[in-house]
Asker: 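One structure coming up, written as structure tokens, with questions to follow.
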Amino acid sequence: MEPKIKETTWNPEIEKRILKQWEDSRVYEFRSDSETFVIDTPPPYPSGRPWHIGAAAHYAQIDMIARTARMKGKNVLFPIGIDRNGLPVEMYTEKKHGIRMHETDRSEFLNLCATALDDLEAEMIQVMKSLGLSGNFSDYYRTDSEKYRSLTQATFIELWKRGLIYIANRPNNYDWITGTTIADAEIAYEDLPTKLVYMRFKVKDSAHVLTIASTRPELLCACQAIIVNPEDERYTGLVGKSAVIPLINRVVPIMSHPSAEKEFGSGAVMVCSYGDHNDVALFRELGLQEIVAIGKNGRMTEVAGPHSGLKVKQAREKITEDLQNQALLEKVENINHRTPISERSKAPIEIIPMEEYYLKQRDAVGKIKEIGSKIAFHPPMHKQILMNWLENITIDWPISRRRFYGTEIPIWYCKNCSQPHVPEPGKYYRPWQDPSPIQQCLKCGGKEFVGEERTFDTWMDSSVSPLYISRYGLDEEFFKKTYPATIRPQSKDIVRTWLYYTILRCEQLTGISPWKEAWIMGYGVDEHGAKMSKSKGNVIDPLPIIDKFGADTFRFWSASEINVGYDFRCSEQKIETTKKFLSKLWNVSRFLSGFPVIKSAATVPADRWILSELNRVVTECKSGFEDYNFFVPSTSLREFTWNIFAAHYIEMVKGRAYGEGFTEEERESSIFTLHKVLSTLLLLLAPITPFITDYLWQQLYSDRTIHTERFPEPEEVEDWSRHTKAITEFNSKVWNKKKEQNLSLKDPIEMEIPADLQEFAKDLKAMHNLNP
RNA sequence: GGGUUCAUAGUCCAGUUGGUUAUGACGUCGCCCUUACACGGCGAAGAUCCAGGGUUCGAAUCCCUGUGGACCCA
């Protein structure tokens, strides 16, 4: 028998040819004419090179979701997008060109950013394509396109008109490095070493000296009160008196308040605008007048007197020094302080009062909890991340940013009376450069306008992705068929941002949940379980790996390594060894390609046994695919193929398939069964390893692609699984015995076939050359 | 301080509702070109299932306490 397949190993080079075929024949094109399955694909952000290997693994799995749905007969909308708005590219551009954004011409700066993004984007698209993603690349979207940004602006205008947006001047998280306000969701916390400074405050009209410990002595000039715990006996006599701020010599009241911790520092706390979020709450509660001590440039303002103009850190050192010199310093302790920093720039957050736009979200929390409880999470445990976050929402969402590379806030102000006006939705507006579309002020009749210069928080864009892909506001019929989307796949670190904000915004705009299911993935970490980062030098570039081992190898590794929702380890060596399985599958197919395909036959016991085992695998895979947990089918298929089908069944029936010493009926039964098993395996593997399965499918079973086929369903067959253990153990026993006796595997041997294996006696005899 | 989660051979991981001898892979060590495959086959060694207690005829699995790690939040 000449095998039809000649090569002895799967060559990943073939993948490129197959990709071309898929593209030319438009196998994956979406039609909205039957039951749809819509994926709200995460548009990745091009933030640097190389793209994270964990992200590549993530997208490979999203593609498996798409292919699974297709093999269940659904019409799959699988958009591809790139998220291009936001801070990282601005910082990347500043660094690359050695410039400062706020000191550079705006359009020039935007061009530099766009070029950088194009560059990084090309690499990501290349990775996604070569992984065999069955998404819509022909018109992939960008969140900075006119079309996308006009949607963001239109949704803003809609909410503005409904009164869900307001402007307010309140203390805000401010990142002075990037020069913008940020939302609570963008703050990270880090334990940083800092100095706890013990300062001496004189109590007015008294000989008392009150010691106060603070990590922020530079805010002395913004101190408006001293608080002590009401249960702190050390200070009961001082409440109601006043204290003199050292160096500043201003007098502030001493009050009691439960938020002062007796154990921290001296137990007395200075309340300044604003050292932390507790200060904000206290200023509001106690009705204190705020003093702005830190400016937008991250330097002390004029209220800092001799220290004005200094950076916060410098001022802190200088003031500590001055206190020391004037004997106002008691001691300095080195402590680790949990410091809020900007997730993007890593700069410590300052809290500065600023006028910003807010989107109302506090009123929506209850509704979102309700929606969230109805979304099916995979795995279910990650629903908790959303629910915990909802418990923590205390303020509305500040949505304006003092940055350039983002969607512009579409507002013009009357030059005369400052009244804000929004334009008609449907167009992309750039108020910082476009002429005003508003002709006359509605309030004072003024005819001149000034455009808003700020942009939106990038989550304002990202949070309408389900609306964008379903052509909200543009194509009513398409929208009806594709919204809400079926599933939102994403990683777990952006549940409190992307996932939450999307539910919020889509609920506000459409009144319903944006999707039915959410699929939450963990992080890719290095082989020792550590986070990958450039500074650690443990970053793995996915592209060379895909090139070297092929997309299917990478995909099978991703499927068999990742348990949905849990972190997973990435190591090149592991990916490499995954390739062996494809080799195994290839060679099984090569062997079978020497036999004609037989559509049906009366089967003998050994064949019924393997078909029963196959049926078990079909059932297992089905439940794995239903949960979008590809770990289940990939490991089940690998074990079956390797350790049962190839190792035992094929060896058992090889002689029969060649027809030596068997009847023609027995022979046909084996060939039928071999093909039945292999074709079923190929179908089950198709969503995971689409290249090799399609190639083998077309070599062996069809002139059409495997990717328009349906999954095999479990059948009602007799259960023979009770024999599996006996068969594999008996085979092992024979092999061991031959080894003991120094025999080659084809040498004859005398051995008794156990009673429970009598049904398989003829095959076993032929397999081991037993008792000739 | 609160929450989520994890702990099983040198390494990674499976173990569904408790049920004989704990799964598989990588790695290690032997032997073997046996007409699909040396990117292979066969075999071997390797585990106090984190610790302690409880429930039970029976616990890796359920409960409690503790220890250690990861992540999130205040």
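No hydrogens, no waters, no symmetry mates; every other heavy atom, side chains included, goes into these values. Below, read A as the first sequence line, B as the second, and so on, with proteins coming before strands; counting in each chain starts at 1.
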Asker: Contact class for A:Lys738 (heavy atom, under 4.0 Å): base, sugar-phosphate, or nothing?
Answerer: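 Result for A:Lys738 = nothing.
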Asker: When you check the gap from the basic side-chain N to the acidic O, do A:Lys579 and A:Glu576 get nearer than 4.0 Å?
Answerer: no
Asker: Of the nucleotides B:A36, B:A44, B:G41, which one has an atom closest to the side chain of A:Leu745?
Answerer: B:G41
Asker: If you check the A:Asn736 side chain, which of B:A36, B:G43, B:C39 turns out closest?
Answerer: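 Shortest atom-to-atom distance from the side chain points to B:G43.
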Asker: Using a strict threshold of under 4.0 Å (side-chain N to carboxylate O), is an ion pair present between A:Lys492 and A:Asp567?
Answerer: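 Yes, charged N to carboxylate O under 4.0 Å.
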Asker: Tell me what A:Phe631 touches on the nucleic acid: a base, only sugar-phosphate, or nothing, going by heavy atoms under 4.0 Å.
Answerer: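 If one applies the 4.0 Å heavy-atom cut-off, A:Phe631 turns out to touch the sugar-phosphate alone, with no base involved.
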Asker: Which part of the nucleic acid does A:Lys580 contact within heavy-atom distance under 4.0 Å: base, sugar-phosphate only, or nothing?
Answerer: sugar-phosphate
Asker: When you measure from the side chain of A:Lys654, which nucleotide among B:C6, B:A36, B:G24 comes out closest?
Answerer: B:A36
Asker: For the side chain of A:Glu651 and the base of B:A36, is some donor closer than 3.5 Å to an acceptor across the two?
Answerer: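 Such a pair exists between side chain and base.
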Asker: Mind listing the closest non-hydrogen atom pair of A:Ile545 and A:Phe554 along with its distance?
Answerer: CG2-CD1, 4.3 Å
Asker: If you go through the side-chain atoms of A:Lys574, does one of them form a donor-acceptor pair with the base of B:C26 closer than 3.5 Å?
Answerer: no
Asker: Over all strands shown, is A:Lys739 touching base, sugar-phosphate only, or nothing at heavy-atom distances under 4.0 angstrom?
Answerer: base
Asker: Find the runs of at least 3 consecutive base pairs, i with j, i+1 with j-1 and so on, that include RNA chain B, using Watson-Crick or G-U wobble geometry with both distances under 3.5 Å.
Answerer: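 Stems (3+ consecutive pairs) listed as B:1-7 with B:67-73, B:10-12 with B:24-26, B:28-32 with B:40-44, B:50-54 with B:62-66.
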Asker: Checking all strands, does A:Glu391 fall into the base, sugar-phosphate, or nothing category for heavy-atom contacts under 4.0 angstrom?
Answerer: nothing
Asker: What does A:Asn563 touch in the nucleic acid at a heavy-atom separation under 4.0 angstrom: a base, only the sugar-phosphate, or nothing?
Answerer: sugar-phosphate
Asker: A:Arg638: which residues meet the salt bridge (charged side-chain N to carboxylate O under 4.0 Å, His left out) condition with it, sequence neighbours left out?
Answerer: none
Asker: For the residue pair A:Trp609 and A:Thr724, confirm or rule out a side-chain donor-acceptor distance under 3.5 Å.
Answerer: yes
Asker: Any base atoms under 4.0 Å from A:Thr635, or only sugar-phosphate, or nothing? Heavy atoms, all strands.
Answerer: nothing
Asker: Provide, to the nearest angstrom, the distance between the CG atom belonging to A:Asn388 and the P atom belonging to B:A74.
Answerer: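 Answer to the nearest Å: 11 Å.
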Asker: Check whether any side-chain heavy atom of A:Met767 lies under 4.5 Å from a side-chain heavy atom of A:Asn731, and answer yes or no.
Answerer: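 Contact flag for A:Met767/A:Asn731 side chains = yes.
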Asker: Could you state the CD-P distance from A:Glu620 to B:A14, rounded to the nearest angstrom?
Answerer: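 That distance rounds to 15 Å.
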Asker: Taking 4.0 angstrom as the limit, do A:Glu666 and A:Lys762 come out as a salt bridge?
Answerer: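 Looking at A:Glu666 and A:Lys762, the cut-off is met.
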